[in-house]
Amino acid sequence: MSAAASAEGADNTEGNSEHGSEQHAEVDEATGDSPVRHALRRLSVYILRNWRYYALWYVIVFLYSAAMNTLPLAVGWAIGGLIDPAIDRATVIDRCWLIAGLAAAGGICRFVSRLLVFNAAREVEYEIRNDLFEHLQKLPQSFYFRWRTGDLMSRCVNDLNSVRMLLGPGLLSVAQSPIIFLGAFIAMTTVSVKLAILMMLPYPLFVLMSRVIGGRLFLRSLAMQQSLASMSNFVQENIAGIAVVKAYAMEDDQSARFAEANEHLRTQQLSLVRTFAAMPALTGLLPAAGLGMVIVVGLGEISAGRMSTGDLFAFAIYVRMLTFPAFMMGFAISLVQRGASAMQRIDEILSVEPSIADRPGHADIKSLRGAIEFRDLGFRYNAADPVNSDTANERDAALEEINLTVPVGTTLGVVGPVGSGKSTLASIIPRLYEVEDGQLFLDGVDINDIEISTLRSAIAMVPQDSFLFSMSLADNIAYGLERDAPEEAIRTAAARAQLAGDVEDLPFGYDTLVGERGVMLSGGQRQRTALARALALDPSILILDDTLSAVDAETERRIQASLDEVFAGRTVVVVASRVNSVRNLDQIVVLDGGRIVERGTHETLIAERGLYARLAEEQEKDDEQSRIQDALQEAEGVESADAGAAAVGGGMDGAGGGG
């Protein structure tokens with residue numbers, strides 16, 4: 001990525017993070033929590049859901065700690081028996097069996113404790129992933145205008161893995177190590193209070209190192225995760241737009257941009273690794289310092305007769321035993337810091353309240369007949385954006401003072417210049433965007449009072465972007481149906497959309513995989529597949545947003561003839577850039593600058609000689625030019641064929657004359 005592009009990617013990532021931080025700032029005023037505390041508070045909810053795992057795990061940790069802390073005392077006891085000639089061989093063997101039993105019990109407890117905490121971590125990861133995906137499904141389209149796909153994917157995958165590591169190895173070490181340390185200290189005081197205190201003296205330094213290095217780990221983990229999200233978005237965009245990259249011969253440029261993004265990520269990762277490596281290296285010095293003091297002071301205690309050789313061995317084992325928890329605490333702190341920063345990024349998404357949601361007192365409506373009424377409707381894209389609302393201006397007003405009634409079972413055509421608000425008007429009907437109360441009614445009920453599932457189950461919309469999933473053609477057509485939808489319904493919808501003929505040419509018919517975004521199909525085939533998907537639902541309201549823009553004139557004519565039958569008995573809204581697509585509809589409105597400037601039937605609008613008539617004339621001229629070009633190309637083809645035939649004939653005559 002170039003420097004400019006890298007800066008832009010960083011700005012975008014920071015913008016997303018700042019947006020999330022502002023969301024948290026609102027929460028902070030009410031709860032007094034910092035963004036990290038708010039994220040960890042949310043995480044605690046998932047932990048409490050699985051409290052049985054953690055409660056049993058904590059009990060077993062105590063048993064493990066008791067077994068492991070008793071083990072050094074048993075070893076010292078056995079060594080004392082070997083040294084003391086007054087103790088017989090059978091007694092020493094019994095003591096060795098005690099050591100073996102304690103070791104086995106400690107090993108079993110350790111296995112079970114790890115199994116429980118790791119299972120709990122996986123369960124929490126599973127629940128957060130489900131909740132996060134479900135939450136993303138509820139967020140309005142305006143949310144996805146501000147957040148990048150690669151960044152969201154990074155939070156759903158990479159950051160969630162970091163949270164799992166926090167709840168697994170991180171929580172295991174953070175909770176287990178203090179118990180082991182406390183148990184070891186109590187056990188050591190039964191042998192020598194002096195040595196126990198001396199051995200523990202270096203460990204308070206661990207608290208200071210944890211605060212200093214832990215803060216750096218958090219910041220560098222957050223920077224690394226943001227850099228990874230930026231690179232993930234870059235890769236996602238390039239793969240999705242690979243056709244454009246190749247068409248403009250930008251492969252080398254994109255590779256260079258990726259190399260720079262990758263270098264930025266590598267720098268962030270190495271910075272994190274250096275900080276990460278410093279923690280266990282420093283914490284490993286603490287047990288070594290404790291062992292040195294134990295040996296120096298312990299030998300003096302033995303010489304003075306206040307300690308036995310077995311007790312010194314026990315202390316040495318305690319030092320060795322505490323080395324691993326001390327090392328793991330350094331590792332755990334890095335996991336905790338990385339997991340906390342990751343949970344903060346996930347919490348930024350989960351804290352976004354869906355602006356489109358069912359109201360507590362929504363109307364008790366089971367189905368919709370399809371009457372649509374707009375009352376002074378106005379819509380502004382940035383109105384509900386907490387980041388950009390202060391900068392909204394008149395250009396943000398996509399629709400203004402829309403007053404329109406579409407009775408049940410009638411058809412409405414919406415035409416107008418590019419950017420006039422046609423698609424916005426169509427998208428508001430299924431509540432893809434939020435509108436204020438009292439501006440849009442279906443069957444006489446405010447759209448905001450209708451349950452979303454009821455509303456959208458009654459509406460089928462074919463958007464401009466005919467998005468197809470990476471599934472079979474049949475699965476794409478049956479996308480909105482039940483899983484066991486009959487094949488006949490799929491074939492009927494395909495026939496109505498004039499797609500059945502194309503299916504015969506596909507290698508596996510309806511079972512053909514269409515590829516990501518339907519890449520295996522042509523633009524017209526994708527539009528007709530999306531149309532078939534909508535027709536299969538048999539909705540009360542059908543919305544077609546420039547559905548036939550990529551099909552040829554003959555196919556459009558056949559589809560229109562088929563749609564006349566489909567339109568019967570249902571409310572239909574057709575957004576079109578071509579006048580021919582709406583000329584037979586019951587009423588037509590013309591939008592310009594977000595306002596309705598003309599309305600009527602095709603004949604009345606042509607007679608008014610206004611904007612609609614000018615659009616019709618321009619399209620007629622374009623169609624005429626296309627017909628002339630097609631005729632010329634066909635004539636040139638015929639002339640070329642005749643000339644070729646004449647040349648062949650002349651050649652044959654020449655050959656005959658020579659004979």
For the student: nearest non-hydrogen atoms of [X] and [Y], plus distance:
X	Y	value
T189	A196	CG2-CB, 3.9 Å
L513	S472	CD2-N, 3.6 Å
F508	T512	N-OG1, 3.0 Å
I99	V75	CD1-CA, 3.7 Å
G168	A121	N-CB, 3.7 Å

Is it the case that over 12 heavy atoms from other parts of the model lie below 6.0 angstrom from the [atom1] atom of [X]?
X	atom1	answer
Q137	CD	yes
M471	CE	yes
N130	CG	yes
Y54	OH	yes

Checklist entry - Is the closest side-chain heavy-atom distance between F118 and R164 below 4.5 Å? => result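 Heavy-atom side-chain distance check fails, nothing below 4.5 Å.
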Checklist entry - Can you tell if the side chain of V163 reaches within under 4.5 Å of the side chain of E125, non-hydrogen atoms only? => result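 Answer no - side chains too far apart.
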Check for a donor-acceptor pair, side chain of [X] on one end and backbone N or O of [Y] on the other, with a separation under 3.5 Å.
X	Y	result
S44	R41	yes
S271	T267	no
H135	V352	yes
N238	F234	yes

Item to check | N-O pairing of E348 and R345 below 4.0 Å | outcome: no
Checklist entry - Think R129 forms a cation-pi with Y126, using NZ or CZ under 6.0 Å from the six-ring centre and within 45 degrees of its axis? => result no
Checklist entry - Can you check ring-ring contact (aromatic ring centres under 6.0 Å, His included) on F143 and W147, steps first, answer last? => result CA-CA 6 Å; F143 170 84; W147 291 79; 5.5 Å; yes
Checklist entry - Knowing that exactly one of D151, D159, L136 qualifies, which makes a side-chain contact (heavy atoms from CB on, under 4.5 Å) with I349? => result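 One option only clears the test, and that one is L136.
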Checklist entry - Once the angle between the rings of F467 and F469 is folded into 0 to 90°, is it parallel (under 30°), tilted (30 to 60°) or perpendicular (over 60°)? => result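 Perpendicular, since the angle between the ring planes exceeds 60°.
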